Protein chains: 2
Amino acid sequence: MKADADATSQIVVEPITESEIPQIANIELIFFAYRDFTADADRILSRFGFGRAHHRALYFVNRKPGMTVADLISILAITKQSLSRVLRQLIDAGHIRQIEGREDRRQRRLFPTQSGRELVLELSRPQSRRIDAAMRESGLSADTLVADFMKNMINPQERAVLANLSSKEG
Amino acid sequence: MKADADATSQIVVEPITESEIPQIANIELIFFAYRDFTADADRILSRFGFGRAHHRALYFVNRKPGMTVADLISILAITKQSLSRVLRQLIDAGHIRQIEGREDRRQRRLFPTQSGRELVLELSRPQSRRIDAAMRESGLSADTLVADFMKNMINPQERAVLANLSSKEG
DNA sequence: AAAATTAAGTCAATAGTGCTGACTTAAATC
DNA sequence: GATTTAAGTCAGCACTATTGACTTAATTTT
């Protein structure tokens with residue numbers, strides 16, 4: 001008993017409590033939920049030798065066809081050098097094509113090909129189904145509470161970027 | 001016009017629609033919400049030269065003090081080799097200590113130190129506040145809808161792991 | 001008691017994703 | 001004509017994670 005007391009001195013034996021971190025249960029749930037949410041797509045991506053970076057790039061190009069390289073770098077918040085490899089692989093695989101800007105010929109406007117569209121739909125479908133099922137099972141199908149909550153989780157200054165993505169204009 | 005039509009053949013100009021992917025708006029919101037959610041902790045971690053892997057390991061050791069190395073590997077779903085470096089750095093930094101199992105002396109039971117507890121609280125506080133604020137702003141404070149939704153986003157077979165984390169027994 | 005299994009740790013090699021810095025090319029703008 | 005901008009490239013580095021092979025010590029099985 002004495003030896004045990006010595007060996008455990010300085011350590012903390014009590015788990016974190018809700019009194020210390022009120023949202024501890026939700027922190028954990030979000031961690032596991034996001035992991036499973038992304039795992040759906042990860043499995044499909046690995047068949048193509050792609051990773052999450054490819055998914056994100058392909059996703060936004062499909063969401064806003066005709067976006068420039070600079071647009072994509074901005075929305076992904078990564079560097080030009082980081083994007084280049086991923087973009088090259090997507091172009092080489094025939095999922096994305098670059099077209100010289102008509103107004104500004106320095107720009108390379110990014111468009112999905114038919115296969116790029118098909119791939120992004122294949123990646124998005126299980127994610128959409130998972131959200132849909134979770135909403136139904138939680139009795140949230142009819143309202144916008146999930147969207148409201150997620151919006152409020154995002155930094156206020158970034159919410160403008162989202163509004164732009166949902167808008168009709170390129 | 002003819003040149004343009006040729007140049008854009010095979011590409012897709014239309015964005016993804018909700019008729020193709022019903023939950024497209026929520027997919028996007030979840031992506032940005034999770035990014036901002038983790039960014040809070042990332043900033044703090046970088047001050048210590050730590051990454052997300054350290055956060056996750058430290059988190060679960062604080063959540064279930066006395067867990068074994070095997071427990072942690074299982075819950076993080078990573079390999080022993082991946083964990084080893086991260087765990088070593090956390091031990092060297094004095095945030096985690098290993099104590100030989102009393103029943104099974106092959107086991108190394110993991111406990112946070114006082115500094116480990118303080119660090120995990122510092123990392124968790126902004127995440128807890130963000131969730132709390134988002135719930136209040138969405139009018140969800142009073143009920144368990146967020147938790148319900150997140151639970152339903154997790155693969156059914158993994159929900160048992162969560163129940164174990166929340167239980168009183170080690 | 002010997003053999004097999006288990007928990008943990010280690011060494012080596014590899015992959016994916018991201019970073020910084022420095023530089024080039026071509027086009028647009030001042 | 002000079003400067004700035006958009007995109008691309010080269011080189012090197014860091015972090016996180018992987019697989020495979022192996023060691024050590026302790027426990028369990030036979």
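Fair warning: this is a prediction, and the values are worked out from it, not measured in the lab. Order of the sequence lines sets the chain letters (A, B, ...), proteins ahead of strands, with each chain counted from 1. Any value given below was found using the heavy atoms of this structure, including those in side chains, with hydrogens, waters and symmetry copies removed.
Between the P atom of C/dT17 and the CG atom of A/L76 lies a distance of 12 Å, rounded to the nearest Å. Between B/F48 atom CZ and D/dC15 atom P the separation is 16 Å, expressed in whole Å. Rounded to whole Å, the distance from CD1 on B/I73 to C1' on C/dT6 is 13 Å. With rounding to whole Å, B/H55 atom NE2 is found 13 Å from D/dT16 atom P. Look at CG on A/L45: it is 16 Å from C1' on D/dA17, rounded to the nearest Å. Rounding to whole angstrom units, CG of residue B/D42 and C1' of C/dC19 are separated by 14 Å. Look at CZ on A/R56: it is 8 Å from C1' on C/dT17, rounded to the nearest Å.
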Donor-acceptor contacts, no H, no angles, side chain residues 43-50 of chain A, under 3.5 Å, sequence neighbours left out:
from: A/R43; atom 1: NH2; to: A/D40; atom 2: OD1; distance (Å): 3.1
from: A/S46; atom 1: OG; to: A/R43; atom 2: O; distance (Å): 2.8
from: A/R47; atom 1: NH2; to: A/E122; atom 2: OE2; distance (Å): 2.7

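The side chain of A/H54 contributes an N or O atom lying less than 4.0 Å from OP1 or OP2 of C/dT17. An OP1 or OP2 oxygen of C/dG18 is reached within less than 4.0 angstrom by no side-chain nitrogen or oxygen of B/R52.
Of the residues B/R102, B/R106, B/R108, the one that meets the salt bridge (Lys or Arg N to Asp or Glu O under 4.0 Å) test with B/D104 is B/R106. Of the residues listed (B/R85, B/H95, B/Q89), the one engaging B/H54 in a side-chain hydrogen bond (donor to acceptor under 3.5 Å, both in side chains) is B/Q89, and it is the only one.
Looking at which nucleotide of DNA chain C each of A/S82 and A/E103 is closest to, the 5′-most match is held by A/S82.
In this structure, the ring of A/Y34 has its center no less than 6.0 angstrom from the ring center of B/F31. Two rings, from B/F37 and B/F32, have their centers 6.0 Å or more apart.
Among the atoms of the strands shown, base atoms are found under 4.0 Å from some heavy atom of B/R85. B/A77 comes within 4.0 angstrom of the backbone, heavy atoms only, and of no base.
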- Task: Using the side-chain contact (heavy atoms from CB on, under 4.5 Å) rule, take B/L72 and B/K80 through it: C-alpha gap first, then chi angles, then the decisive distance, then the call.
- Result: CA-CA 9 Å; B/L72 190 52; B/K80 187 171 46 167; over 6 Å; no
- Message: Under the criterion side-chain contact (heavy atoms from CB on, under 4.5 Å), I'd like the reasoning laid out for B/V61 against B/F111: C-alpha separation, chi angles, the key distance, then a yes or no.
- Response: CA-CA 6 Å; B/V61 170; B/F111 291 89; 5.5 Å; no
- Query: Tell me, for nucleotides 4-10 of chain D in 5' to 3' order, what letter each nucleotide earns: B for a base near a protein heavy atom under 4.0 Å, S for only sugar-phosphate near one, - for neither?
  - Reply: -BSBBBB
